[in-house]
Each structure stands twice: as structure tokens, then as C-alpha cells.
Amino acid sequence: MWFDEKSMKLNRRDFAKMGLIGGAALILPSSAKAQTASFSQPLAFPPVLSPTSVDATTDYYNISMQAATKQIVPGGNTTIWGYNGIFPGPTIKARRNRRVVVRQTNNLSVDTSVHLHGGHTPASSDGFPTDVIMPGNFKDYTYPNDQLPATLWYHDHTMDFTGRNVYNGLAGFYILTDDFEDALPLPRGRYEIPLVIQDRTFNQDGSLYYDNAGQNRELGFIGQQILTNGVIQPYHYVERRRYRFRLLNGSNARIYELALSNNQQFIQIGSDGGLLSAPVARSVITLAPAERVDVIIDFAETAHGTNVVLRNLAGSEATSEVMQFRVMPRRYGKDTSRIPPVLRQVDRIPESSASVTRNFNLNMDVVMGEAVHSFNNQPFDPARIDANPQLNATEIWVFQSQTQGEHPIHIHDISWQILDINGAPPEAWDFGWKDTFLVSSGNRVRVIGKFTDYTGDYVLHCHNLEHEDFAMMARFRVS
Ligand code: C2O
Ligand code: CU
């Protein structure tokens with residue numbers, strides 16, 4: 001069955017309890033079953049976008065949001081909505097403190113809004129859900145990049161339709177770096193690879209299947225196949241040396257538990273908001289929607305000819321394998337990279353510096369037989385201000401799950417640190433900067449952050465995109 005995913009068990013129990021919701025959605029149309037053989041296609045790399053002009057302070061980019069067709073399923077054509085018609089979108093490379101201005105032109109037939117996820121962005125460029133670009137219009141988004149370097153991504157954020165729009169392809173990498181990071185001896189160039197993992201379901205003719213009613217509205221839409229950089233279960237030839245992979249879960253709702261088939265460990269060097277203080281070895285990495293991990297995988301000890309599979313322990317059959325690394329000898333000389341024991345010092349924000357604590361309960365209700373997700377039982381209303389932090393205040397936000405579901409909570413504007421989860425300090429890999437935190441069933445997660453630089457309206461929301469679209473979002477105004 002397509003929904004027997006480990007990460008969904010709690011949700012399914014919840015669903016069964018509800019009884020009422022989405023009986024019809026349990027049955028997928030029989031056409032929605034196009035399957036592709038594993039590891040039959042090479043990994044793809046989204047192109048790096050070139051600026052249309054540059055000046056002393058700023059790189060200017062033009063992007064057209066448009067429909068296009070792409071061959072994803074062998075023998076079928078898939079209509080996608082892409083930035084410049086590409087899925088995943090082109091990668092923007094930015095430098096710390098050098099401004100980027102992106103002119104986004106909407107050549108689709110629906111409203112859009114663009115958010116830079118993880119960006120410390122003035123409110124007017126943050127992609128507020130109702131701040132839409134209508135078809136035929138454009139908007140210039142300004143990104144100052146006055147923040148720690150990290151793996152960011154830009155994606156659609158349109159009120160009520162983020163799930164559909166991102167699913168159709170509106171997402172791309174935005175990679176921010178600086179001189180400090182460049183000076184570290186980490187793998188770079190062809191050995192530094194961004195990987196966005198997404199799940200999709202295809203109809204027999206190759207078209208995308210999407211539905212957000214019933215069970216999909218309650219649990220979030222879970223696709224039947226796993227794509228990396230837009231390719232279903234690709235392979236990639238790797239040399240016997242170190243690689244740096246910037247992993248992003250770009251799926252609407254699926255949570256991955258990533259592991260390597262040869263039981264080798266990942267060395268995690270970064271999280272959502274950039275480098276950790278020190279590297280951490282991990283065998284299994286849980287990656288919830290919108291979370292990023294920056295990892296080193298060292299293939300030096302792996303024999304030539306070995307195939308190492310990036311597995312998803314939370315999946316089953318077709319969704320238990322993400323991609324395959326085919327190990328071959330080194331081609332371009334000695335591996336001069338290293339993993340330094342100290343990466344970038346993360347200064348922990350003292351709990352005593354917080355002046356305000358805010359509580360957000362995570363709730364689900366059923367209205368007219370359909371799930372409604374919310375914070376504090378108040379479904380999103382873009383006209384209502386739910387929190388009003390003062391500029392430069394340090395605050396503690398507390399997320400208490402009161403549902404059986406899994407909720408990756410994302411807060412716009414600033415980066416946060418996790419204080420504790422159910423009262424216990426976070427694991428070493430969660431000790432750095434975060435903007436998305438998985439709040440599992442019944443859990444209580446406390447985070448601390450400082451509202452620097454910008455006033456204005458932002459949102460926080462669940463990054464299960466169907467939960468977001470069905471109202472688990474709140475507005476806050478920094479003043
Ligand atoms: Cu990645 Cu408000 O979103
Ligand atoms: Cu949620």
C-alpha cells in the first residue's frame with residue numbers, strides 16, 4: 001500500500017480514529033501508478049543562474065515562472081511549473097553581504113508569491129502569502145544576504161495554494177557562502193553537490209497526480225516515487241574521496257530517515273542555518289520537509305565498483321531508496337579536502353536574554369468532514385496578528401503538539417536555536433542555527449531567537465504544505 005510509511009504511522013492512527021475524513025481519498029485512481037526502474041537515470045544538476053547584470057553592490061536576476069514539459073517518467077511527458085520552466089528551479093549562488101535582486105515574472109495562469117526559505121529578508125520581499133504576483137505581472141525581491149551563509153531555497157508561498165504550486169515544481173536552491181567558509185578545506189567544486197529530495201506521484205501518461213482533500217489534507221500529500229534533483233532514483237558516479245552534499249527535503253509532507261546501505265556514517269557539518277560548531281557523525285538522519293543538512297560522505301575506503309545506496313528507512317519498496325552512488329577510482333588527483341574539527345563557532349543565545357515567551361499549540365480539528373490544522377485553534381487569517389515581537393527583542397517560542405501528526409514548524413525572518421525538546425537539550429546536530437523544527441506527536445519544542453534588523457509582517461507555519469494550506473499558519477509583526 002502506498003501509505004504504509006513508518007513516518008506516517010501516527011498519522012494513520014489519527015486518521016483511523018477520525019473515521020469521517022477522506023474515505024474516498026484512500027483509493028488512488030488506478031492510472032496513478034507509473035513506476036520507473038531504480039537507478040536507471042543519471043543524477044541531474046539544476047543549472048546555476050547567471051545574473052542579468054551586476055553593479056558594485058548587487059547581482060540582478062530575472063526569472064520567469066512558467067509551465068514547461070519535462071521527461072521524468074520514461075515514455076511520458078510531465079507538465080511542470082518551473083522557475084524559468086525548470087524543475088527543480090535554477091540555483092542562485094549568493095555571497096554574504098552582497099545584495100541579490102530577483103525580478104520574478106509570473107507567466108503562469110495562477111497567482112504566485114516567492115519566499116526565500118531561511119533568508120533574513122525585509123518583509124516587503126519575504127513573499128507574504130497574500131502579497132501575490134498576478135499572472136502577467138512581476139515583482140522585484142531584494143535579498144540583502146546580511147546573514148550567516150547556509151543552504152537556502154526559494155519556493156512558492158501563495159495563500160492556500162503553496163502545496164500545489166511547489167508540487168508542480170516551483171522550488172530551487174539559493175546557496176549563500178562567504179570567505180570564511182571558502183577558507184575551510186571542505187570538498188568543493190564538482191565534489192560539493194546540492195541534492196533536493198522530493199516525492200511525486202505520476203499518472204500513467206507521465207502527468208503529475210496531486211490531491212489535497214480527505215486523507216491528503218489530513219496527513220499531507222505523500223508521493224509514490226522519490227526524486228532527487230528532479231530525477232526518479234538516479235545514480236551518480238563518485239570517486240574514492242570525500243564529497244559534500246547539501247541535502248534539502250523539498251517534499252510537501254514526506255519525512256525521510258536517511259542512511260547509507262554500506263552502514264557508513266554521514267559526517268554532518270551544517271544544518272538549516274549554516275555550519276555547525278563541530279562535525280557530528282550520524283548513521284541515520286531524519287529530514288523533515290524544508291529541513292537541510294550539510295554532510296560529508298567519504299568514499300575513500302569503499303572499493304571501486306561498489307554501489308552505495310542512499311536509503312530512506314522510513315519508506316517501503318519504491319520509496320525506501322533515494323539514489324545510488326557508484327564508486328569509481330579518483331580521476332582528478334589526490335583528495336586534499338579535510339573535515340576541520342572546528343567549523344564555525346555557533347554562539348548559543350542565553351535563555352536569560354529572552355524577554356518574552358510565546359506559546360503555540362499545534363491543533364487539528366474537523367470542519368465539514370475535512371481537517372483544519374492550526375496554532376492555538378485559530379486557523380490562519382492573514383488579517384489577524386498573532387504575535388508582535390519588538391525589534392531587537394529575544395524571545396522564546398514554545399511549540400506544544402496536541403495532535404497525533406508530525407509537524408515541521410518553520411518561522412520566517414530570523415534563525416533560531418533549539419533550547420530543548422521535552423525538556424532535554426537537543427542532540428549535537430541540532431545545536432546550530434535552525435529555521436525548521438520537527439514537532440512530533442505530543443512533543444514540546446522550545447526555541448530561542450532574536451528579532452534583528454527588520455520590522456514588518458512575517459509568518460510561521462507548518463511546512464507540511466497541506467497543513468500550511470489548510471490553515472496551520474500564523475502572522476507575526478515585528479515593530
Ligand atoms: Cu519554506 Cu514559509 O516557507
Ligand atoms: Cu503540520
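Remember, it's 1-based here, ligands and their atoms both numbered in the order they're listed.
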**Student:** Which atom, counting only N, O or S, brings His155 closest to atom 1 (Cu) of ligand 1?
**Tutor:**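 Closest to atom 1 (Cu) of ligand 1 among those atoms: NE2.
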**Student:** Of all the N, O or S atoms in His467, which has the shortest distance to the Cu ion (ligand 2)?
**Tutor:**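 Closest N, O or S atom of His467 to the Cu ion (ligand 2): ND1.
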**Student:** Which N/O/S atom belongs to His117 and is the closest one to atom 1 (Cu) of ligand 1?
**Tutor:**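 Nearest to atom 1 (Cu) of ligand 1 within His117's N, O and S set: ND1.
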**Student:** Given the rule in the side-chain contact (heavy atoms from CB on, under 4.5 Å) test, do Leu186 and Ile296 qualify, once you have shown the distances and angles that lead to the verdict?
**Tutor:** CA-CA 9 Å; Leu186 296 166; Ile296 305 290; 4.2 Å; yes
**Student:** Without hydrogens or angle criteria, can the side chains of His120 and His412 be said to hold a donor-acceptor pair below 3.5 Å?
**Tutor:**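 No donor-acceptor contact under 3.5 Å links the two side chains.
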**Student:** Tell me which N, O or S atom of His463 sits nearest to atom 1 (Cu) of ligand 1.
**Tutor:**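 Relative to atom 1 (Cu) of ligand 1, the closest nitrogen, oxygen or sulfur of His463 carries the name NE2.
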**Student:** As a test of reading the structure, name the N/O/S atom of His407 that is nearest the Cu ion (ligand 2).
**Tutor:**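 The atom in question is ND1.
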**Student:** Hey, can you pull the donor-acceptor pairs under 3.5 Å for the side chains in residues 80-90, sequence neighbours left out?
**Tutor:**
residue : atom : partner : partner atom : Å
Tyr83   : OH   : Asp156  : N            : 3.2
Asn84   : OD1  : Ser64   : N            : 2.9

**Student:** Is the distance between the ring centroids of Tyr458 and Phe128 under 6.0 Å?
**Tutor:**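 Ring centres of Tyr458 and Phe128 not closer than 6.0 Å.
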**Student:** For the metal site, I want the angle between atom NE2 of His461 and atom NE2 of His412 with atom 2 (Cu) of ligand 1 at the apex, to 10°.
**Tutor:**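 Answer comes to 110°, rounded to 10°.
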**Student:** Only one of His157, His115, His155 passes ring-ring contact (aromatic ring centres under 6.0 Å, His included) with His463; say which it is.
**Tutor:**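 Of the listed options, the one satisfying the test is His155.
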**Student:** Of all N, O or S atoms in His157, identify the one at the shortest distance from atom 2 (Cu) of ligand 1.
**Tutor:**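 So the atom name we want here is NE2.
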**Student:** Any N/O/S atom, side chain or main chain, of His410 closer to atom 2 (Cu) of ligand 1 than 2.8 Å?
**Tutor:**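 So His410 does not count as coordinating atom 2 (Cu) of ligand 1.
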**Student:** Describe, in one word, how the ring planes of Phe451 and Trp397 are oriented to each other, choosing from parallel (under 30°), tilted (30 to 60°) and perpendicular (over 60°).
**Tutor:**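 Answer is tilted, since the angle falls between 30° and 60°.
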